[in-house]
Amino acid sequence: MEDNTENNIIQMPRIGDQAPEFTAKTTKGDITLSSFAKDKWIVMFSHPADFTPVCTTEMSGFALRKGEFEALNTELLGLSIDSIHAHLGWVNNVRNNTGVYFDFPIIADLDMKVSKLYGMLQPNESETAAVRAVFFIDPKKKVRLIMYYPLNVGRNMDEILRALEALQTSDKYSVAMPLDWKKGDKVIVPPPKTLKEMEERLADDTIERVDFYLAKKELVG
Ligand code: BEZ
């Protein structure tokens, strides 16, 4: 996205958009979005500030559950508008205090380039810190799901992982995910598009059907 302001409204990436390209300094060296492996998902998340309590719990949550993201073929990428020096001090401080190590890149977005590009700065919430955003970016670098939380409410790691797995399962099986779906639950089969398909759906006894437009099935394989 080049010109991201129009009538003073920040143009944020939306679901389905190509994730805006950037290069940034991180705790693991410089990174460019397009250089991430072509077969990986990316969960990119911002936090308001290093050395703050809610952020420490959230970043520890990402660190402790990094293996679950890896199992879902997903790289973690943090961001705040703090410096590399602050990030390193915080990572070391949390490790010394709790034994939890933030072993994923954290962008030092001092010039706010990336946070502006992704609409993470929401001035009516804070003029000096990024809100708690989560961008789910698929292997084609398309934005697939966005979460925004305010400064005073931490995110839910179970929900972040659930949403990631729901997206991937939906893609893999061309199905949709109902309320509160989690791995192992039935999934929604796409509604029929023609009368013929509707009649077939109504005659199908292998699915759990409320009506032709609402039916669920088990996933096999
Ligand atoms: C926190 O992480 O605790 C926090 C950060 C910025 C503003 C308010 C709370």
Side-chain angles (χ1 to χ4, degrees), residues 1 4-5 8-15 19-20 22 24-31 33 41-70 72 74-137 143-164:
M1 268 199 258
N4 67 352
T5 56
N8 257 352
I9 296 169
I10 309 283
Q11 282 284 301
M12 306 175 185
R14 291 163 298 193
I15 292 173
F22 61 82
K25 286 198 186 322
T26 85
T27 48
K28 292 201 174 226
D30 289 0
I31 55 142
L33 184 71
W41 286 68
I42 302 166
V43 167
M44 180 166 81
F45 47 96
S46 54
H47 67 273
D50 297 352
F51 293 98
T52 54
V54 177
C55 298
T56 303
T57 63
E58 289 186 309
M59 294 296 271
S60 301
F62 279 111
L64 288 166
R65 301 187 71 175
K66 186 177 167 223
E68 290 173 67
F69 286 97
E70 283 169 353
L72 293 170
T74 299
E75 304 260 13
L76 294 175
L77 176 58
L79 174 152
S80 80
I81 61 178
D82 296 287
S83 65
I84 285 287
H85 188 73
H87 284 345
L88 297 181
W90 187 39
V91 172
N92 196 41
N93 177 271
V94 175
R95 176 173 59 180
N96 291 340
N97 279 310
T98 69
V100 178
Y101 190 55
F102 302 165
D103 189 15
F104 46 78
I106 307 170
I107 295 173
D109 195 32
L110 269 181
D111 60 5
M112 304 185 197
K113 196 178 71 186
V114 183
S115 26
K116 282 183 181 159
L117 205 53
Y118 279 77
M120 293 164 171
L121 290 171
Q122 305 201 1
N124 292 330
E125 175 68 355
S126 170
E127 293 198 350
T128 55
V131 295
R132 304 179 194 281
V134 190
F135 282 82
F136 297 69
I137 300 171
V143 175
R144 299 294 301 281
L145 194 154
I146 305 170
M147 298 174 175
Y148 285 112
Y149 277 57
L151 268 51
N152 56 350
V153 178
R155 288 157 283 197
N156 182 302
M157 204 54 61
D158 288 335
E159 171 56 9
I160 293 170
L161 281 156
R162 184 201 76 92
L164 178 62

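Indexing begins at 1, ligand by ligand and atom by atom, following the structure's order.
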### Query
Backbone, side chain, both or neither: what part of R132 comes under 4.0 angstrom of ligand 1, heavy atoms only?
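Within the 4.0 Å criterion, R132 contacts ligand 1 through side-chain atoms alone.
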
### Task
Give the atoms of ligand 1, by number and element, whose distance to some non-hydrogen atom of P48 is under 4.0 Å.
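Contacts of ligand 1 toward P48, numbered from 1: 5 (C), 6 (C).
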
### Message
Please confirm whether P53 approaches ligand 1 to less than 4.0 Å, judged on its heavy atoms.
### Response
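Heavy atoms of P53 do come under 4.0 Å of ligand 1.
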
### Message
Does the residue L151 have a heavy-atom contact with ligand 1, meaning some pair of atoms that are separated by less than 4.0 Å?
### Response
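So L151 counts as touching ligand 1.
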
### Nearest-0.5 Å distance that lies between atom CG in L110 and atom NE2 in H85
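If we round to the nearest 0.5 Å, L110:CG and H85:NE2 are 12.0 Å apart.
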
### Query
When rounded to the nearest 0.5 angstrom, what is the spacing between CG in L164 and CZ in R144?
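The CZ atom of R144 is 10.5 Å from CG of L164, to the nearest 0.5 Å.
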
### Task
Please say whether C55 places an N or O atom under 3.5 Å from an N or O atom belonging to ligand 1.
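For ligand 1, there is an N or O atom that lies under 3.5 Å from one belonging to C55.
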
### Query
Any N or O of V54 that comes nearer than 3.5 Å to an N or O of ligand 1?
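N/O-N/O distance under 3.5 Å: yes.
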
### Message
Could you tell me if the side chain of H47 sits less than 4.5 Å from the side chain of M59, heavy atoms only?
### Response
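Side chain of M59 against side chain of H47, heavy atoms only: contact under 4.5 Å found.
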
### Query
Are the charged groups of K28 and D103 less than 4.0 angstrom apart, N to O?
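Yes.
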
### Query
Going by the angle between their ring planes, with limits at 30° and 60°, are F51 and W90 parallel, tilted or perpendicular?
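Rings of F51 and W90: tilted, 30 to 60°.
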
